[in-house]
J.: 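Structure provided below as structure tokens; questions to follow.
Note that this is a predicted model, so its numbers are computed, not measured.
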Amino acid sequence: MPNFKFLKPAAMITAGALFGYYSVQIITASTQPTSQNRFLASATISKLGNEQFARSIFDIKIQNEKIAETTEETSIVRVSIQAFQKLPAGLIFTWHLPKDAELVEGSLTGLVSELDIDQVEEFQIKLKGYSQAEQTHVVFAVKGDMLNTAIDRNVIVSSRPEDSFEYVVQAYEKSKKEVDTNNKKLGKAASKRAFDPNDVVF
């Protein structure tokens with residue numbers, strides 16, 4: 001007659017081993033990044049790398065040359081591109097205007113010229129529908145390819161910069177810099193003043 005005393009523990013051990021193995025497989029599969037997650041992470045890192053590369057090649061600055069008080073009047077927005085390295089021709093620039101804005105003068109798209117080191121190229125548009133009456137934004141984008149690396153940079157400006165967080169930060173930094181400068185001047189003036197025993201307090 002078969003001895004079943006040893007079969008029951010063996011079956012339990014086998015079942016436990018199988019349960020542990022498949023549990024580890026399920027946990028490992030759930031914690032490992034999927035191909036989609038890996039792609040998204042790689043794309044994010046690639047975009048950051050491309051942006052950093054573009055910043056090392058050239059700088060873009062945008063400003064309101066003139067802000068109209070009403071949407072019926074004309075505003076002027078200006079952009080300057082300064083090359084940190086020799087910039088070949090072929091990069092494409094594009095202006096993105098607010099909804100219902102009307103271009104009065106200038107080109108919404110075109111090519112950036114070839115620039116030598118420290119050379120600057122300026123772009124300007126005149127438009128209506130971009131004014132202090134309502135907060136809207138103008139975006140200037142530069143895209144293309146350079147040294148087998150994608151270039152994708154943009155800058156933005158507001159029709160009411162005083163309402164933007166960036167403006168508040170810039171105003172604070174400017175005020176802080178002025179205070180520091182004044183303190184330094186006062187410190188130098190005090191150090192140059194002759195010593196007066198009456199200034200000593202016991």
J.: Under 6.0 Å from the NZ atom of K61, do we count more than 12 heavy atoms belonging to anything else shown?
T.: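 12 or below, so no.
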J.: Output the distance between atom CD (Q85) and atom CG (L115), rounded to the nearest 0.5 Å.
T.: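 Between atom CD of Q85 and atom CG of L115 there are 12.5 Å.
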J.: Counting N and O atoms only, with roles assigned by atom type, does the side chain of Y130 sit under 3.5 Å from a partner on the main chain of S158, one being a donor and the other an acceptor?
T.: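 Present.
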J.: Evaluate the side-chain contact (heavy atoms from CB on, under 4.5 Å) criterion for residues D145 and T149: first the C-alpha distance (whole Å), next the side-chain angles of each, then the deciding distance (0.1 Å), finally the verdict.
T.: CA-CA 6 Å; D145 185 86; T149 301; 5.5 Å; no
J.: Rounded at 0.5 Å granularity, tell me how far CD1 in I151 sits from CZ in F53.
T.: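 Answer for the CD1-CZ pair, I151 versus F53, is 5.0 Å.
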J.: Which residues pass the salt bridge (Lys or Arg N to Asp or Glu O under 4.0 Å) test with E73, not counting sequence neighbours?
T.: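 Once residues adjacent in sequence are excluded, E73 has no partner under the salt bridge (Lys or Arg N to Asp or Glu O under 4.0 Å) criterion.
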J.: How far does CD1 of I81 sit from CD1 of I62, to the nearest 0.5 angstrom?
T.: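 These two atoms lie 10.5 Å from each other.
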J.: For residues K66 and T74, report the shortest heavy-atom separation together with the two atoms involved.
T.: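 Closest approach of K66 to T74, heavy atoms only: CE-O, 3.7 Å.
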J.: With a 4.5 Å cut-off on side-chain heavy atoms, are I76 and N64 touching?
T.: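 No. Closest side-chain heavy atoms not under 4.5 Å.
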J.: Does R153 count as lying over the ring of F58, i.e. NZ or CZ under 6.0 Å from the six-ring centre, within 45 degrees of the axis?
T.: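 R153 over F58 ring: yes.
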J.: Who are the salt bridge (Lys or Arg N to Asp or Glu O under 4.0 Å) partners of E105, not counting sequence neighbours?
T.: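 Scan of E105 (salt bridge (Lys or Arg N to Asp or Glu O under 4.0 Å), adjacent residues dropped) gives K126.
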J.: In a table with atom names and distances, give each donor-acceptor pair under 3.5 Å that connects a side chain of residues 92-102 to protein atoms at least two apart or in another chain.
T.:
none

J.: Is there a path of hydrophobic side-chain contacts, each under 4.5 Å between heavy atoms of I/L/V/M/F/W/Y residues, joining L103 to V157?
T.: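 Yes, V157 connects to L103 through the hydrophobic network.
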J.: With heavy-atom distances below 4.5 Å as the criterion, would you say the side chains of L127 and V138 are in contact?
T.: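 In short, these two side chains touch, coming nearer than 4.5 Å.
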J.: State which residues pass salt bridge (Lys or Arg N to Asp or Glu O under 4.0 Å) with K128; sequence neighbours excluded, sorted by chain then number.
T.: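 Residues passing salt bridge (Lys or Arg N to Asp or Glu O under 4.0 Å) with K128: none at all.
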J.: S113: which residues meet the side chain to side chain donor-acceptor pair (under 3.5 Å) condition with it, sequence neighbours left out?
T.: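 Only E121 meet the side chain to side chain donor-acceptor pair (under 3.5 Å) criterion with S113.
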J.: Please determine whether a side-chain nitrogen of the Lys or Arg among R160 and E134 lies less than 4.0 Å from a carboxylate oxygen of the Asp or Glu.
T.: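 No, R160 and E134 are not salt-bridged.
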J.: Can V77 and F140 be said to form a side-chain contact (heavy atoms from CB on, under 4.5 Å), step by step?
T.: CA-CA 10 Å; V77 183; F140 183 87; over 6 Å; no
J.: Return the CZ to CD1 distance between F84 and I57, rounded to the nearest 0.5 Å.
T.: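 Answer for the CZ-CD1 pair, F84 versus I57, is 10.0 Å.
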J.: Examine V112 and L147 and state if one hydrophobic cluster contains both, with Ile, Leu, Val, Met, Phe, Trp and Tyr joined whenever side-chain heavy atoms are less than 4.5 Å apart.
T.: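 Result: yes, single cluster for both.
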J.: Can you name the salt bridge (Lys or Arg N to Asp or Glu O under 4.0 Å) partners of E122, sequence neighbours left out?
T.: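 If we apply the salt bridge (Lys or Arg N to Asp or Glu O under 4.0 Å) test to E122, skipping adjacent residues, the hits are R78.
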J.: Please round to the nearest 0.5 Å and tell me the distance separating atom CD of Q132 and atom OG1 of T71.
T.: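 Answer rounded to 0.5 Å: 12.5 Å.
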J.: With no hydrogens and no angle check, is any side-chain donor or acceptor of S159 less than 3.5 Å from a backbone partner on S131?
T.: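 Indeed, once roles are kept as given, a pair shorter than 3.5 Å links the two residues.
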J.: Do you reckon I60 sits in the same ILVMFWY cluster as L111, going by side-chain contacts under 4.5 Å, direct or chained?
T.: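 Not linked; separate clusters.
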J.: Quick one: closest heavy-atom pair of E114 and Q119, and the distance?
T.: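 In this case the closest contact between E114 and Q119 is O-OE1, 4.3 Å.
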J.: Would you sort out whether Q124 and V79 count as a side-chain contact (heavy atoms from CB on, under 4.5 Å), showing the intermediate values?
T.: CA-CA 6 Å; Q124 177 179 290; V79 164; over 6 Å; no
J.: In Å, rounded to the nearest 0.5 Å, how long is the span from OG of S80 to CG of D59?
T.: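 Nearest 0.5 Å value for the OG-CG distance: 7.0 Å.
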